**Q** 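My questions all concern the structure below.
What's counted below: heavy atoms across the whole structure, side chains too, no hydrogens, waters or symmetry copies. Note that the coordinates shown come from a computational prediction; the quantities given were computed from them, not determined experimentally.
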Amino acid sequence: MKLGLSPLQGTDSFEETIRECERAEAAGFDSVWLGEHHNNPVLYPAPLLGLAAIAARTGRVSLGTGVLLLPLYHPMCVAEEGAMVDMISGGRLILGVGAGYAPEEFAAFGLSVKQRGSRLDEGAALVRRLWTETDVTHHGRHYHVEGATVGPRPVQQPAPPIWFGAWTAPAIERAARLGDAWLAGPSAALSELSSCVAAYRQRRTELGKEAGTIAAFRYVFVAGTTEEALETAGGSFIRAFEDMYFRWPHPVVKRPAGELTIERLAENRIILGDPDTCVREISRFRQEIGLDHLVCRFSVPGISRDASMASLDLFAREVMPALG
């Protein structure tokens, strides 16, 4: 199983994010990932721009968008900027895409959130065509391209991999049909992930495709003892999930009923505890859903950078070696 890092966002300087990615590469992580949000005082926009900066300071890790909100863009721009990041990095881009879910983000771009699925479907197919063909002409529902050729071409041939975030049945079908991997967000519990993985694999089989990669973001916090981990990170995780995930209706993810304690929130959802506990939980995720790539987020707002970096370092020293 490969391991990735989703670095802390909302810092005073992007330099700190780059240093965290350098730290992850030195520790042996396989990938680093930047998400995308708009109208948000904490989370970054423009992941491809950020990855270009990280590419210049790293030499081995894959560089993923986790995820780029493709319906907000014209596919020609994404194809060109993605090809540039792939060239700058020497062929390390993974384009993770998703439909998005926050109405205020679509409103900021003057777009309807109701069209996000059809825009993603058309846009992703067009990005792949632009990476693999020349003189591309396309006249669709949302996008029009006439005789377009992306240059420079991506280093990875035939194209950089495209990973899809997806929860609903139509979205999972799209991921199976158009993508190279299914990429799960951090909010779902293990049972919620399992049903999506089963649907994705079944559809890949029906399409006559290889199994595809199963990847997932997970919040991770490691401390010397489980009690210390709960005390340091528990309250911040509860507030973050209430503010970032449970405030909107979700087709799969369900808020635990009743009072939300950190123990109830973390169960089957957050990798939280001492190193041995974290090893057991990660191994369980890997076995039960066939997890190929785990992307770790070591902090949310409210957890200090020092505590987050101490957790990352302990994970690298004691958890990663035990995972094999």
**Q** Is it true that a side-chain atom of R286 and a backbone atom of L291 form a donor plus acceptor pair closer than 3.5 Å?
**A**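 Pair absent, no side-chain N/O of R286 close to backbone of L291.
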**Q** Can you list the residues that meet the side chain to side chain contact (heavy atoms under 4.5 Å, CB included) rule with L111, with sequence neighbours excluded?
**A**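 Checked L111 against side chain to side chain contact (heavy atoms under 4.5 Å, CB included); matches are L72, F106, F109, R119.
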**Q** Is the backbone N or O of A215 less than 3.5 Å from a side-chain atom of D292, with the two atoms forming a donor-acceptor pair by type?
**A** no
**Q** Return the OG to CD1 distance between S62 and I94, rounded to the nearest 0.5 Å.
**A**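 S62 OG to I94 CD1: 4.5 Å, rounded to 0.5 Å.
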**Q** Identify the two heavy atoms, one from W167 and one from C196, that lie closest to each other, and give their separation to 0.1 Å.
**A**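 Heavy atoms only, the tightest pair is CE3-SG, 3.8 Å.
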**Q** Restricting to side chain to side chain contact (heavy atoms under 4.5 Å, CB included), what partner residues turn up for V67, sequence neighbours left out?
**A** L69, L183
**Q** Does anything in residues 71-88 pair up under side-chain hydrogen bond (donor to acceptor under 3.5 Å, both in side chains), and if so which pairs, sequence neighbours excluded?
**A** E36-Y73, D86-Q156
**Q** Hey, any chance I270 and M244 share a hydrophobic cluster, counting ILVMFWY side chains that come within less than 4.5 Å of each other, even indirectly?
**A** yes
**Q** Tell me if a side-chain donor or acceptor on R92 pairs with a main-chain N or O of G64 at a distance below 3.5 Å.
**A** no
**Q** Looking at every heavy atom in both A199 and I172, which two are closest together, and how far apart are they?
**A**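 Where A199 meets I172 most closely, the heavy atoms are C-CG2, 4.0 Å.
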**Q** Please work out whether the ring planes of F241 and Y245 are parallel, tilted or perpendicular, with thresholds of 30° and 60°.
**A** tilted
**Q** Measure the shortest side-chain to side-chain distance between I282 and M1 over non-hydrogen atoms and say whether it is less than 4.5 angstrom.
**A**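 Yes, close enough: below the 4.5 Å cut-off.
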**Q** Does the T232 side chain pair with the main chain of A229, one donor and one acceptor, at a distance under 3.5 Å?
**A**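 Between the backbone of A229 and the side chain of T232 there is no qualifying donor-acceptor contact (under 3.5 Å).
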**Q** Within the supplied structure, the quantity of interest is the number of heavy atoms (other residues, nucleotides, ligands) at a distance under 6.0 Å from E133 CD; does it exceed 12?
**A**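 Yes, enclosed.
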**Q** On a heavy-atom basis, which atom in G212 and which in Y200 lie closest, and how many Å separate them?
**A** CA-OH, 3.8 Å
**Q** Quick test of your reading: applying salt bridge (Lys or Arg N to Asp or Glu O under 4.0 Å), list the pairs with at least one residue in residues 253-266, sequence neighbours left out, ordered by first then second residue.
**A**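 Qualifying pairs, neighbours excluded: E242-R255.
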**Q** State plainly whether the residues R128 and D180 are in salt-bridge range, i.e. N to O under 4.0 Å.
**A**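 The answer is yes: the pair qualifies as a salt bridge.
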**Q** With H144, which residues qualify under ring-ring contact (aromatic ring centres under 6.0 Å, His included), at least two apart?
**A**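 By the ring-ring contact (aromatic ring centres under 6.0 Å, His included) rule, H144 matches H139.
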**Q** Per the side-chain hydrogen bond (donor to acceptor under 3.5 Å, both in side chains) rule, what does the pair list look like for residues 307-324, sequence neighbours excluded?
**A**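 Counting only pairs at least two positions apart or across chains, the side-chain hydrogen bond (donor to acceptor under 3.5 Å, both in side chains) contacts touching residues 307-324 are R23-D313.
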**Q** Distance check, rounded to the nearest 0.5 Å: E16 atom CD versus S13 atom OG?
**A**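 It is 5.5 Å, given to the nearest 0.5 Å.
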**Q** Could you tell me which residues satisfy side chain to side chain contact (heavy atoms under 4.5 Å, CB included) with T65, sequence neighbours excluded, listed by chain and number?
**A** P47, L48, L51, L68, L95
**Q** Of all the heavy-atom pairs spanning A223 and P275, show the shortest one and how long it is.
**A**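 Distance-wise, the nearest heavy atoms are O-CD, 3.3 Å.
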**Q** Apply ring-ring contact (aromatic ring centres under 6.0 Å, His included) to F29 and list each qualifying residue two or more places apart in sequence or on a separate chain.
**A** F315
**Q** Set out, in order, the CA-CA distance, both residues' side-chain angles and the distance that settles side chain to side chain contact (heavy atoms under 4.5 Å, CB included) for F298 and I303, then state yes or no.
**A** CA-CA 9 Å; F298 288 95; I303 300 176; over 6 Å; no
**Q** Identify, with sequence neighbours excluded, every residue that meets salt bridge (Lys or Arg N to Asp or Glu O under 4.0 Å) alongside R201.
**A**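 Residues passing salt bridge (Lys or Arg N to Asp or Glu O under 4.0 Å) with R201: none at all.
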**Q** Are T226 and D274 close enough that a side-chain donor and a side-chain acceptor fall under 3.5 Å?
**A**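 Checked: T226/D274 side chains pair up, N/O donor to acceptor below 3.5 Å.
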**Q** May I have all residue pairs that pass ring pair (Phe, Tyr, Trp, His ring centres under 6.0 Å) and include part of residues 257-291, sequence neighbours excluded?
**A**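 Listed once each, the pairs would be none.
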**Q** Which atoms form the tightest heavy-atom contact between L130 and A148, and what is the distance?
**A** CD2-CB, 4.0 Å
**Q** Look at the side chain of N39 and the backbone N and O of E104, then say whether any donor-acceptor pair between them is shorter than 3.5 Å.
**A** yes
**Q** Is there a donor-acceptor pair closer than 3.5 Å between any side-chain N or O of E122 and the backbone N or O of Y143?
**A** yes
**Q** Are side-chain heavy atoms of L294 and R218 found at a separation under 4.5 Å?
**A**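 Sidechains of R218 and L294: in contact.
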**Q** Verify side-chain hydrogen bond (donor to acceptor under 3.5 Å, both in side chains) between S118 and D121, making sure each step is shown before the conclusion.
**A** CA-CA 5 Å; S118 59; D121 200 312; over 6 Å; no
**Q** Check whether any side-chain heavy atom of M84 lies under 4.5 Å from a side-chain heavy atom of P152, and answer yes or no.
**A**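 Yes - at least one pair of side-chain heavy atoms lies under 4.5 Å apart.
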**Q** Hydrophobic cluster membership, with links at side-chain heavy-atom distances under 4.5 Å among I/L/V/M/F/W/Y: are L126 and L120 in one?
**A** no
**Q** When you check the gap from the basic side-chain N to the acidic O, do E206 and R203 get nearer than 4.0 Å?
**A** yes
**Q** Are Y219 and S6 close enough that some pair of their side-chain heavy atoms sits under 4.5 Å apart?
**A** no
**Q** Do we see a donor-acceptor contact under 3.5 Å between the side chains of T277 and R280?
**A** yes
**Q** Any side-chain heavy atom of L49 sitting closer than 4.5 Å to one from Y44?
**A** no
**Q** Out of V220, V222, I262, L265, which one pairs with L272 under the side-chain contact (heavy atoms from CB on, under 4.5 Å) rule?
**A**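 The passing option is I262.
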**Q** Side chains of S31 and H293: do they bring a donor and an acceptor to under 3.5 Å?
**A**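 Looking only at side-chain atoms, H293 and S31 do form a donor-acceptor pair, the distance falling under 3.5 Å.
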**Q** Are V97 and I162 side-chain neighbours, meaning at least one heavy-atom pair lies under 4.5 Å?
**A** yes
**Q** Strictly distance-based, threshold 3.5 Å: is any side-chain N or O of E105 a donor or acceptor partner for the main-chain N or O of H38?
**A** yes
**Q** Indicate yes or no for a side-chain donor-acceptor contact from T58 to the backbone of R60 under 3.5 Å, with no hydrogens or angles considered.
**A**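 No, T58 side chain to R60 backbone: no donor-acceptor pair under 3.5 Å.
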**Q** Using the rule given for side chain to side chain contact (heavy atoms under 4.5 Å, CB included), can you reason through W163 versus T213, listing the C-alpha separation, both sets of side-chain angles and the distance that settles it, and then say yes or no?
**A** CA-CA 9 Å; W163 293 14; T213 296; 4.2 Å; yes
**Q** Honestly curious: do V300 and L260 fall in one hydrophobic cluster under the side-chain, below-4.5 Å linking rule?
**A** yes
**Q** In this structure, which one of E15, E20, E25 forms a salt bridge (Lys or Arg N to Asp or Glu O under 4.0 Å) with R57?
**A** E15
**Q** Check for a donor-acceptor pair, side chain of R153 on one end and backbone N or O of W131 on the other, with a separation under 3.5 Å.
**A**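 Looks like yes, one N/O pair under 3.5 Å.
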**Q** Mind listing the closest non-hydrogen atom pair of G224 and L314 along with its distance?
**A** N-CD2, 4.0 Å
**Q** Counting N and O atoms only, with roles assigned by atom type, does the side chain of W182 sit under 3.5 Å from a partner on the main chain of G165, one being a donor and the other an acceptor?
**A** no
**Q** A124: what forms a side chain to side chain contact (heavy atoms under 4.5 Å, CB included) with it, not counting sequence neighbours?
**A** L70, F164, L178
**Q** Side chains of L193 and N268: does their closest heavy-atom pair fall under 4.5 Å?
**A** no
**Q** For side chain to side chain contact (heavy atoms under 4.5 Å, CB included), just list the numbers for L190 and R269, CA-CA rounded to whole Å, side-chain angles, deciding distance to a tenth of an Å, and then say yes or no.
**A** CA-CA 6 Å; L190 184 55; R269 193 189 311 268; over 6 Å; no
**Q** Can you get from M87 to M76 by hopping between Ile, Leu, Val, Met, Phe, Trp and Tyr side chains that sit under 4.5 Å apart?
**A** no
**Q** With clusters built from Ile, Leu, Val, Met, Phe, Trp and Tyr whose side-chain heavy atoms come within less than 4.5 Å, directly or transitively, what are the remaining members of the cluster of Y101, listed by chain and number?
**A** W248
**Q** Are I271 and C296 side-chain neighbours, meaning at least one heavy-atom pair lies under 4.5 Å?
**A** no
